[in-house]
Amino acid sequence: MHIIPPLSMIDFFRKSEGTWFTERSVHHFDSAADESGESNLIITVIEKDDPKVQEVCKAQGIEPDKATGGASFAWQANLDTRPPNTDNAAILVDIPDDETKLSGKLIRNQGYVESIPVVSRYRFADDGVLTINTDYDNNQGQERCWFVTDDFRVRVSTVRMMNGVNLMTYCSERRCLSQQVLEQMIARNHARG
């Protein structure tokens, strides 16, 4: 199956929109802590004129008119039916370097590793693999993400402390079908008779 990978951050956000079931394996090099598990990742695209985009840009001292848009990322336990906790969420805003949109800055209201506002650098390879590098106060993070199919993607990341690599994470993510899509599939199946 041939897929067309996203080659700009806003296209990546649009292709990622929805709810993803994430299976996560985490390896800590300095402790026996195990953060492996299953969760849901909920991604919602935010248009460039949305007040949330403006707010994140202004907090980082960046002109909001440079943004192409953004996305809200929220995490929750896999079987949790409550609305996502806002403490487990982040707003990411895309500021491309140039017209190619293959590289740029991701402005976040809070980072993944440290819960502080942060600016990351991203780049898309020709094959669609996205690499995001983030420097925090005490850590460096690198995440790579790519689509295997339109509904399955992979993320790998490392976190480096001052004394070396602290942890590595591998995530496989499958898109969850909405109730509406499931009902359409059932209706098509019944129609076949």
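Quick caveat: nothing in here was measured; it's all calculated off a predicted structure. Just so it is clear, the values below take in all heavy atoms, side chains as well, and ignore hydrogens, waters and symmetry mates.
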task = Identify which one of I91, V118, V93, V56 satisfies the side chain to side chain contact (heavy atoms under 4.5 Å, CB included) criterion when paired with R108.
result =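 The passing option is V118.
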
Tell me the closest heavy-atom pair linking [X] and [Y], and the distance in Å.
{"X": "T134", "Y": "S120", "value": "OG1-OG, 2.5 Å"}
{"X": "I43", "Y": "A71", "value": "CG2-CB, 4.2 Å"}
{"X": "F147", "Y": "W20", "value": "CE2-CH2, 3.8 Å"}
{"X": "C176", "Y": "F21", "value": "SG-N, 3.7 Å"}

Any chain of hydrophobic side-chain contacts (each under 4.5 Å) joining [X] to [Y]?
{"X": "F12", "Y": "I46", "result": "no"}
{"X": "L102", "Y": "Y122", "result": "yes"}
{"X": "L7", "Y": "I95", "result": "no"}
{"X": "W75", "Y": "L106", "result": "yes"}
{"X": "V119", "Y": "V159", "result": "no"}

[X] side chain near [Y] side chain, heavy-atom distance below 4.5 Å:
{"X": "L41", "Y": "E173", "answer": "yes"}
{"X": "R188", "Y": "Q184", "answer": "yes"}
{"X": "L130", "Y": "W146", "answer": "no"}
{"X": "F124", "Y": "V129", "answer": "no"}
{"X": "R144", "Y": "R155", "answer": "no"}
{"X": "K15", "Y": "D150", "answer": "yes"}

ask   = Hey, mind stepping through T158 and Q142 against side chain to side chain donor-acceptor pair (under 3.5 Å) and telling me if it holds?
value = CA-CA 5 Å; T158 58; Q142 182 179 78; 4.8 Å; no

ask   = Taking ILVMFWY side chains as joined if any heavy atoms are under 4.5 angstrom apart, and letting links pass through other members, which residues group with I186?
value = none

Partners passing side chain to side chain donor-acceptor pair (under 3.5 Å) against R175 (at least two apart in sequence or in another chain) =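 R175 satisfies side chain to side chain donor-acceptor pair (under 3.5 Å) with D151 once adjacent residues are dropped.
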
Below 3.5 Å, can you tabulate the donor-acceptor pairs from side chains in residues 63-70 to any protein atom, sequence neighbours excluded?
from : atom 1 : to  : atom 2 : distance (Å)
T68  : OG1    : D94 : OD2    : 2.6

query = In chain order, what residues pass the side chain to side chain contact (heavy atoms under 4.5 Å, CB included) check against Y170, with sequence neighbours excluded?
reply =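 Per chain and number, Y170 pairs via side chain to side chain contact (heavy atoms under 4.5 Å, CB included) with V154, V156, S172.
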
request  = For F13, enumerate each residue passing the ring pair (Phe, Tyr, Trp, His ring centres under 6.0 Å) test, keeping only those at least two apart in sequence or located in another chain.
outcome  =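 Result, ring pair (Phe, Tyr, Trp, His ring centres under 6.0 Å) vs F13: none returned.
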
task = Count the heavy atoms of every other residue, nucleotide or ligand shown that sit under 6.0 Å from CG of D127, and state whether that count exceeds 12.
result =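 Yes, enclosed.
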
ask   = Can you tell me if NZ on K105 sees more than 12 non-hydrogen neighbours from other groups inside 6.0 Å?
value = no

ask   = Among pairs that include at least one residue of residues 37-52, which meet side chain to side chain donor-acceptor pair (under 3.5 Å), considering only residues two or more places apart or in two chains?
value = R14-E47, R24-S39, N40-N78

inquiry  = I'd like to know if the side chain of Q140 and the backbone of D135 have a donor-acceptor N/O pair within less than 3.5 Å.
reply    =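 Side chain of Q140 to backbone of D135: no pair is present.
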
request  = Kindly indicate, with the supporting measurements, whether the criterion side chain to side chain contact (heavy atoms under 4.5 Å, CB included) is fulfilled by C145 and R153.
outcome  = CA-CA 7 Å; C145 185; R153 64 185 206 167; 4.1 Å; yes

Rounded distance [0.5 Å steps], [atom1] in [X] versus [atom2] in [Y]:
{"X": "M9", "Y": "R123", "atom1": "CE", "atom2": "CZ", "answer": "12.0 Å"}
{"X": "E55", "Y": "K58", "atom1": "CD", "atom2": "NZ", "answer": "9.5 Å"}
{"X": "I42", "Y": "T19", "atom1": "CD1", "atom2": "OG1", "answer": "5.0 Å"}

task = Step by step, work out the side chain to side chain contact (heavy atoms under 4.5 Å, CB included) result for I107 and L92.
result = CA-CA 6 Å; I107 313 303; L92 284 71; over 6 Å; no

